[in-house]
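Shown next, in structure tokens, is the structure this report addresses.
Letters A, B, ... mirror the listed sequences (proteins, then strands); counts begin at 1. Predicted model, so just to flag it, every value in this text is computed and none were measured.
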2 protein chains.
Amino acid sequence: MIKELKENYGYLFEDSLLMEINSVGTFKELPEGFQLIDIGDYIKSMPLLVSGAVKILREDDKGDELLLYFIERGDTCAMTLSCCMGQKKSEIRAVAETPTKLIMVPVEKMSEWMGKYKSWQNFILQSYHDRMTELLEAVDAIAFLKMDERLFKYLKDKAMVNHNEVIQVTHQQIAFDMHTSRVVISRLLKTLEIEGKIELHRNSIKILDL
Amino acid sequence: MIKELKENYGYLFEDSLLMEINSVGTFKELPEGFQLIDIGDYIKSMPLLVSGAVKILREDDKGDELLLYFIERGDTCAMTLSCCMGQKKSEIRAVAETPTKLIMVPVEKMSEWMGKYKSWQNFILQSYHDRMTELLEAVDAIAFLKMDERLFKYLKDKAMVNHNEVIQVTHQQIAFDMHTSRVVISRLLKTLEIEGKIELHRNSIKILDL
DNA sequence: CTCAGTCAGTAACATTAGTTACACAGCACT
DNA sequence: AGTGCTGTGTAACTAATGTTACTGACTGAG
């Protein structure tokens with residue numbers, strides 16, 4: 001695990017902190033689609049992403065979902081942080097978007113290291129800021145963009161975290177993530193294809209205009 | 001200023017921290033409508049609210065606005081925090097919703113106190129969590145609610161921070177905050193009145209069903 | 001190959017929200 | 001009272017999004 005730590009967090013943390021993480025953290029590999037956190041869960045440990053990507057979703061009472069943003073290598077889940085702190089329930093759901101490797105750190109350590117390591121403190125605050133910024137971007141997309149623009153942004157974001165201009169996804173799955181209906185997505189995708197921005201295939205979409 | 005501090009933050013911070021805040025902070029009174037922070041501003045000090053309320057707005061490139069949430073007594077602006085840290089520009093606009101009293105603290109202190117006072121650390125993290133939660137609520141409203149529900153929620157929230165079931169506002173102002181058009185708001189307000197949930201007057205609305 | 005299940009395309013329609021245009025009411029000022 | 005400005009009500013229309021219903025194409029299991 002120490003190898004992964006140095007590679008992904010070596011530039012952020014001093015050796016002593018890396019050693020601490022190494023001694024209390026547990027390394028995990030998640031398959032695609034694995035659900036790390038559900039809404040209402042109490043969080044006992046926080047994830048440090050080593051590789052892969054995790055998507056963060058919001059859900060309302062009626063079970064309608066909405067994709068908020070992705071978390072990647074070098075990130076952590078800020079929601080998790082605050083949830084641990086106050087022993088609060090998670091407000092979001094986290095699902096592995098791709099096969100993902102991460103290190104789980106017990107929450108008690110988070111607070112302890114805050115006082116002990118300046119670099120950890122910066123990491124946590126920076127993480128909060130990044131997540132906040134991504135949330136604002138999500139708000140922008142929902143509030144200011146029309147469906148076709150949102151859809152294209154979604155496709156590009158998804159291609160980005162998958163490091164591949166071809167994404168494996170069905171229209172129905174997109175509809176879930178964007179909280180709309182499959183028919184709407186099919187319609188708009190077809191338009192995007194006619195505009196030459198994407199290529200449609202069964203179970204996959206190629207983004208041309210990345 | 002020490003009186004305001006003790007009243008509003010005494011239960012949070014130990015005396016030594018209160019004294020520090022007192023010695024480096026400046027007390028300010030803002031009139032309604034005063035703009036504390038604009039998008040793109042570099043932040044040099046962070047606000048601790050003593051009384052009143054501040055509304056936090058998001059704006060896109062085309063100048064379209066959207067109300068995100070309100071900040072009240074005992075709160076601070078988490079966006080400010082993260083902006084100071086990284087010397088980044090503000091992503092949001094902050095405008096006094098009511099006449100507001102607050103204490104401005106230089107940003108260098110924020111970081112210094114993080115290591116020095118556990119209570120300050122908790123306050124900052126709690127603040128991030130609260131703001132995150134409010135942002136999520138805003139997302140919920142935009143993504144999952146229909147206009148009429150969003151409007152009624154807006155009216156109730158506004159009545160709440162104004163401590164008054166009668167709010168002074170024009171249809172046009174609501175339209176700005178909710179990023180829609182005046183005609184749409186007028187139409188929906190009329191429906192809400194017919195449903196017996198509100199009473200419409202020139203320049204003011206009374207919320208009956210609080 | 002056949003069958004069942006999943007996935008995608010499309011039409012027709014319903015609903016919601018945004019736009020344009022105009023009438024008129026309330027209020028301040030003269 | 002007359003003038004002008006701001007705020008509100010409403011109709012008629014357009015545009016965007018959501019819904020229902022049906023078609024056929026593709027795929028994997030047997």
Side-chain angles (χ1 to χ4, degrees), chain A residues 32-33 60 62-67 138-155 158 166-207, chain B residues 32-33 60 62-67 138-155 158 166-207:
Chain A
E32 186 183 326
D60 76 351
K62 294 183 292 282
D64 298 321
E65 280 199 353
L66 180 73
L67 171 71
V139 169
D140 285 353
I142 312 168
F144 299 131
L145 299 184
K146 286 197 297 182
M147 265 296 177
D148 53 351
E149 300 171 296
R150 260 183 76 197
L151 175 57
F152 194 50
K153 176 172 157 46
Y154 169 90
L155 296 174
K158 192 153 177 123
V166 178
I167 56 178
Q168 300 294 320
V169 70
T170 68
H171 298 187
Q172 184 61 71
Q173 286 172 282
I174 301 177
F176 278 139
D177 282 349
M178 294 185 56
H179 186 240
T180 178
S181 77
R182 200 269 310 166
V183 182
V184 171
I185 295 298
S186 290
R187 187 157 61 204
L188 295 174
L189 281 174
K190 185 48 74 180
T191 315
L192 286 174
E193 185 175 43
I194 290 167
E195 289 171 353
K197 296 183 179 173
I198 60 175
E199 251 178 43
L200 295 177
H201 305 280
R202 188 183 173 86
N203 291 316
S204 80
I205 301 174
K206 180 171 184 179
I207 289 86
Chain B
E32 186 183 326
D60 75 353
K62 294 183 294 284
D64 298 322
E65 281 198 353
L66 179 73
L67 172 71
V139 169
D140 285 352
I142 312 167
F144 300 130
L145 299 184
K146 286 197 297 181
M147 265 295 177
D148 54 349
E149 300 171 296
R150 260 183 76 198
L151 175 57
F152 194 50
K153 175 171 158 48
Y154 169 91
L155 296 173
K158 192 154 176 122
V166 178
I167 55 178
Q168 301 293 320
V169 69
T170 69
H171 298 185
Q172 184 61 70
Q173 288 172 281
I174 301 176
F176 279 139
D177 282 348
M178 293 185 56
H179 185 241
T180 178
S181 78
R182 200 271 308 166
V183 182
V184 171
I185 295 298
S186 290
R187 186 158 60 202
L188 295 174
L189 281 174
K190 183 49 73 179
T191 315
L192 286 174
E193 185 175 43
I194 290 167
E195 290 171 352
K197 295 183 178 173
I198 59 175
E199 251 176 43
L200 296 176
H201 305 281
R202 188 184 173 84
N203 291 316
S204 79
I205 301 173
K206 181 171 183 178
I207 289 85

To the nearest Å, give me how far apart [atom1] ([X]) and [atom2] ([N]) are.
X	N	atom1	atom2	value
His179(A)	dT17(D)	NE2	P	14 Å
Ile205(B)	dG9(D)	CD1	P	9 Å
Leu188(B)	dT15(C)	CG	C1'	13 Å
Arg187(A)	dA11(C)	CZ	C1'	10 Å
Leu151(A)	dT17(D)	CG	C1'	13 Å
Ile142(B)	dA17(C)	CD1	P	14 Å
Lys190(A)	dT17(D)	NZ	P	19 Å
Asp64(B)	dG18(C)	CG	C1'	13 Å

Among the candidates [options], find the nucleotide nearest to the side-chain atoms of [X].
X	options	value
Arg182(A)	dT10(D), dA17(C), dT10(C)	dT10(C)
Val183(B)	dG9(D), dA11(C), dT19(C)	dT19(C)
Val184(A)	dT10(D), dA11(C), dG18(D)	dG18(D)
His171(A)	dA12(D), dA8(C), dG9(D)	dA8(C)
Thr170(B)	dG9(C), dG7(D), dT20(D)	dG7(D)
Asn203(B)	dT10(C), dG7(D), dT10(D)	dG7(D)
Ser181(A)	dT17(D), dT6(D), dT19(D)	dT19(D)

With heavy-atom distances below 4.5 Å as the criterion, would you say the side chains of Met178(B) and Ile185(B) are in contact?
yes

Starting at the 5' end of DNA chain D, which residue's closest nucleotide do you reach first, Val169(B) or Lys146(A)?
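By nearest-heavy-atom nucleotide position, the 5'-most residue is Val169(B).
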
In this structure, which one of Gln172(B), Gln168(B), Gln173(B) forms a side-chain hydrogen bond (donor to acceptor under 3.5 Å, both in side chains) with Thr170(B)?
Gln173(B)

Output yes when Lys146(B) and Asp148(B) qualify as a salt bridge under the 4.0 Å nitrogen-oxygen rule, no when they do not.
no

side-chain N/O Thr180(B) vs dG18(C) OP1/OP2, d < 4.0 Å
yes

Report yes or no: is the cationic atom of Lys197(B) (NZ for Lys, CZ for Arg) closer than 6.0 Å to the six-membered ring centre of Phe152(B), at no more than 45° off its axis?
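Yes - Lys197(B) lies over the ring of Phe152(B), closer than 6.0 Å to its centre and within 45° of its axis.
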
Can you say whether a donor on the side chain of Arg202(B) sits under 3.5 Å from an acceptor on the base of dT6(D), or the other way round?
yes

How many angstroms lie between atom CD1 of Ile205(B) and atom CD1 of Ile167(B), to the nearest 0.5 angstrom?
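Rounded to the nearest 0.5 Å, the CD1-CD1 separation comes to 5.0 Å.
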
